[in-house]
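We name chains A, B, ... by the order of the sequence lines, and we start the count at 1 in each one. Keep in mind that the numbers below use all heavy atoms, side chains included, and drop hydrogens, waters and symmetry copies.
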Amino acid sequence: MKSDNANGHEPAEEEMRGGEAELRRHRLAKLERIRERLDEPYKYAFHRSHVIAEARRIFEGQEPQATDESPAALPAQLAGRIVARRIQGKSTFMDIRDEQARIQVFLGWKQIGDDAYEAAKDLDIGDFIGVSGMVKRTRRGEITLFAERYELLAKSLRPAAEKYHGLSNVETRYRHRYLDMVANPEVLDVFRKRVLMIQVMREWLIAQNYLEVETPMLHPIPGGATARPFITHHNTFDHDFYLRVAPELYLKKLLVGGFERVFEINRCFRNEGVDTKHNPEFTTMELYEAYQDYMGLMEETEEMLHHVIKSVVGGETFVYQERVVSIARPWKRIALFDAIRQYAGIDLESTRNREEAAKRAESIGMEVTPEMGYGKIVDEVMSACVQPHLVQPTFLYDYPIELSPLAKKKRGNDALTERFQPFIACLEVGNAFSELNDPIDQRERFEAQAALRDAGDEEAQFLDEDFVMALEVGMPPAAGLGIGLDRLAMIVTDSPSIRDVILFPQLRPE
RNA sequence: GGACGGGUAGCUCAGUCGGUAGAGCAUCGGACUUUUAAUCCGGUGGCCGUGGGUUCGAGUCCCACCCCGUUCACCA
């Protein structure tokens, strides 16, 4: 059983072209030799005395002064992946890396013995090894683990990426993220930041007495956002379901049921285009707070985002794509129509007539197509003329009612809703409003959406009877907020593409 | 879906006017007992994204298609 299972008839070999197969054959031959020496190349465990960063830190702490006679040394057993190797006759230097740090390992023929030194020739870049010895500095000052013993912990059969340029092919980086992480360890930092960001936000919400809940991903009726859904099928019900486009309606049903502060951090799915700001599945945080309105929530949102971003970037300013962003409070707040007047130079508020709005948008060079309604025109002007100016954190508020079928009308202005969106570094990172809790109004809004749908708008929302029924049971006044966590992760990690902050972004299947 | 750019060795990339497909790194062999992008000598490694076409001859020119990126459209 030991030695006759590694000689090369695996299907993987057939998929490889010449050079790659040859590199793999070399490693398989080494694997074979290792087994012949009765050394299991895939170990079960290894006891580390320290992680590498810790060993380095302790060693640096006990280093003697330059005048001191005896050199400092730390006995240690460390483990990691071999990331570089410099063979020099009867001595060899290797760099090994664990999750946090790297360290140089010195293998000396005299120190580890002839057989072990010879066997070390079957080690490759990419292998995991465990090494016991003393941490000391070399003559050139490099902190180094001088090996007394080493053992192979796991053999790598695939060649490593180029040591200087690394792996830069974006398709390979996204399709095989593990290769990206191995070749470009700074990628780990991006995802650590993303994880920290979500963790800090969750802790903040829990500290504010929000209850974290989970609502369905499979929806009989897609709701809570204007978006095209994915369709899936349940076999025993013999019924189609939709992957959720938003958790909104379920979360509001929980307010009806009696919870007063709920949030959910989870995936949403939208069957739409893919680009640097959109992945088919993405992560949002949605919260709902009873007895609150949008202005109160705006204050809270600012406090939360400020806290989260500061915790992750370590200060009140950071750079996103070469522009300096300051999150110092208070953040700028501007009504959507004021922003349009200011940045686009046109007034879209004084008319609610679609044709007039189209004419004014066209006057500043916007293209307006026949199927665009009033709300859509406003949205387009905002995206084109206002959004590019919102480098510093800014809340836009009071959106036209056409764009917001789930938001409450603005007090004293039926044409607007009490809605706001936070923008940071010109990215839309969220959406919030005073939640519509009038079931009659809500039904009318859904009916307006149904009319849009009949007119061919595939993204218009469906009438959700159970949701309207819930409102009829009675929902307290409330404000709700959604934050796009992938977008926020882009901002705090200075990533130009959403794919850089999603571990396994969706690509066309090979 | 449109426009533009890209796809050549395991990785990073050259490839001129259409004339035998290259480099560095990795890998293999040799030298080397303190290197760190180690160095020196020698070798292996190619469906040039796929399929057609033009041509005596195509990595190179033409057509179609596939995949990736950017951007526009749509959206968060």
Side-chain angles (χ1 to χ4, degrees), chain A residues 16-27 29-30 83-95 102-111 117 121 124-126 136-144 146 156-175 179 182-184 224-228 245-246 268-286 367 369 371-372 376 379-380 383-384 403 421-423 427-431 457-459 482-488 490 496-499 505 507-510:
Chain A
M16 287 181 200
R17 307 191 226 184
E20 190 178 6
E22 190 196 328
L23 293 170
R24 187 160 175 273
R25 268 198 303 277
H26 284 132
R27 294 202 176 198
K30 291 174 181 175
V83 294
R85 200 164 55 138
R86 297 172 291 281
I87 299 177
Q88 204 153 24
K90 297 214 156 102
S91 63
T92 293
F93 293 90
M94 296 186 299
D95 294 343
R102 59 155 282 286
I103 193 168
Q104 175 167 273
V105 171
F106 175 80
L107 288 185
W109 157 79
K110 214 185 266 177
Q111 290 80 359
Y117 194 82
K121 290 179 178 165
D124 284 297
I125 290 171
K136 291 186 279 196
R137 276 194 197 272
T138 60
R139 282 214 291 263
R140 308 233 173 153
E142 176 84 15
I143 295 177
T144 300
F146 286 80
S156 167
L157 299 179
R158 301 268 180 169
E162 211 262 352
K163 67 176 169 188
Y164 190 57
H165 301 91
L167 174 70
S168 60
N169 181 301
V170 289
E171 185 171 357
T172 308
R173 291 184 47 219
Y174 295 152
R175 284 196 197 277
L179 294 176
V182 171
N184 307 309
T226 49
R228 297 217 306 264
V245 295
C268 293
F269 305 85
R270 297 192 187 173
N271 203 342
E272 280 159 1
V274 173
D275 61 35
T276 51
K277 295 177 184 62
H278 302 265
N279 194 62
E281 51 183 299
F282 60 103
T283 304
T284 61
M285 188 287 295
E286 284 204 15
E367 262 188 59
T369 56
E371 68 274 11
M372 284 164 67
K376 181 69 193 159
D379 196 38
E380 284 293 307
S383 302
L403 291 173
Q421 293 198 286
F423 290 82
L427 285 172
E428 184 184 328
V429 297
N431 189 21
D457 184 348
E458 281 186 69
E459 289 169 356
I483 298 286
L485 295 181
D486 310 281
R487 295 254 177 104
L488 198 56
M490 288 168 67
S497 170
I498 198 168
R499 294 180 207 101
L507 296 188
R508 191 178 291 274
E510 280 179 302

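- The partner of B/rA3, taking Watson-Crick or G-U wobble pairs whose two distances both stay under 3.5 Å, is B/rU70.
- Distances from the side chain of A/L23 to the nucleotides B/rC67, B/rA76, B/rG10 place B/rG10 closest.
- Of the listed nucleotides (B/rC74, B/rC32, B/rC28), B/rC74 has the atom at the smallest distance from the side chain of A/K376.
- Nearest to the side-chain atoms of A/R86 among the listed nucleotides B/rG69, B/rC28, B/rA38 stands B/rA38.
- Taking atom CZ on A/R508 and atom C1' on B/rC68, their separation rounds to 11 Å, with Å as the unit.
- A gap of 11 Å separates the P atoms of B/rG19 and B/rC61, to the nearest Å.
- A/V274 and A/R499 make their closest contact through CG1-NH2, 3.9 Å (heavy atoms, listed as atom of the first residue, atom of the second, distance).
- We find that CE of A/M490 is positioned 15 Å from P of B/rA76, with the value rounded to whole Å.
- The gap from the P atom of B/rC4 to that of B/rC13 amounts to 24 Å, rounded to the nearest Å.
- The shortest distance between the side-chain N/O atoms of A/S91 and the OP1/OP2 oxygens of B/rU34 is not below 4.0 Å.
- Heavy-atom nearest nucleotides on RNA chain B were determined for A/G484 and for A/F106, and the one closer to the 5' end corresponds to A/F106.
- Note on A/L507: only backbone sugar-phosphate atoms sit closer than 4.0 angstrom, heavy atoms only; bases stay farther off.
- Picking from B/rC68, B/rU12, B/rU27 the nucleotide with the shortest atom distance to the side chain of A/H165 gives B/rU12.
- In the set B/rC28, B/rC13, B/rA26, the nucleotide with an atom closest to the side chain of A/K30 is B/rC28.
- Counting non-hydrogen atoms under 4.0 angstrom, A/N279 reaches a base of the nucleic acid.
- Nearest nucleotide to the side chain of A/T276, out of B/rU12, B/rU71, B/rC28: B/rU71.
- Here A/F93 does not count as stacked on B/rA38, because the ring centres are not under 5.5 angstrom apart with planes under 30°.
- Here, B/rA26 and B/rU44 have their C1' atoms 12 Å apart, quoted to the whole Å.
- Here A/D275 lies in heavy-atom contact (under 4.0 Å) with a base.
- Side-chain atoms of A/F146 lie closest to B/rU34 of the nucleotides B/rA76, B/rU34, B/rG24.
- Taking the P atoms as reference points, B/rG1 lies 36 Å from B/rG57, given to the whole Å.
- You'll find that the side chain of A/I125 is closest to B/rU27, out of B/rU27, B/rU12, B/rU70.
- Heavy-atom distances to RNA chain B give each of A/R102 and A/W109 a nearest nucleotide, and the one nearer the 5′ end belongs to A/W109.
- Taking atom C1' in both B/rA58 and B/rG52, one finds a spacing of 13 Å when rounded to whole Å.
- Here the side chain of A/E162 is nearest to one of B/rA76, B/rU12, B/rU34, namely B/rU12.
- Pairing for B/rA64 goes to B/rU50, judged as Watson-Crick or G-U wobble with the two contacts each under 3.5 Å.
- Across the P atoms, B/rG24 and B/rG43 are found 12 Å apart, a figure rounded to whole Å.
- The partner of B/rC11 is B/rG24, by the rule that a Watson-Crick or G-U pair needs both atom distances under 3.5 Å.
- For the pair A/E380 and A/K376, the salt-bridge criterion is met [side-chain N within less than 4.0 Å of a carboxylate O].
- As a whole-Å value, the separation of A/R173 CZ from B/rG10 P is 21 Å.
- The pairing partner recorded for B/rU39 is B/rA31, the criterion being a Watson-Crick or G-U wobble arrangement whose two distances lie under 3.5 angstrom.
- Distances were taken from every side-chain heavy atom of A/S497 (C-beta onward) to each of B/rC28, B/rU70, B/rU36; the shortest belongs to B/rU70.
- Look at CG on A/D124: it is 9 Å from C1' on B/rU27, rounded to the nearest Å.
- Annotation: B/rU60 and B/rU16 have their P atoms spaced 11 Å apart (nearest Å).
- Ionic pairing of A/E20 and A/R27 is not present here: no N-O contact between side-chain nitrogen and carboxylate oxygen is shorter than 4.0 angstrom.
- Residue A/E380 is in sugar-phosphate contact alone, with no base atom involved, counting any heavy-atom pair closer than 4.0 Å across all strands shown.
- Partner of A/D95 under the side chain to side chain contact (heavy atoms under 4.5 Å, CB included) criterion, out of A/R86, A/E142, A/R85: A/R86 alone.
- The distance from atom NZ of A/K277 to atom C1' of B/rG69 is 14 Å, rounded to the nearest whole Å.
- Of the C1' atoms belonging to B/rC56 and B/rG6, the separation is 32 Å, rounded to the nearest Å.
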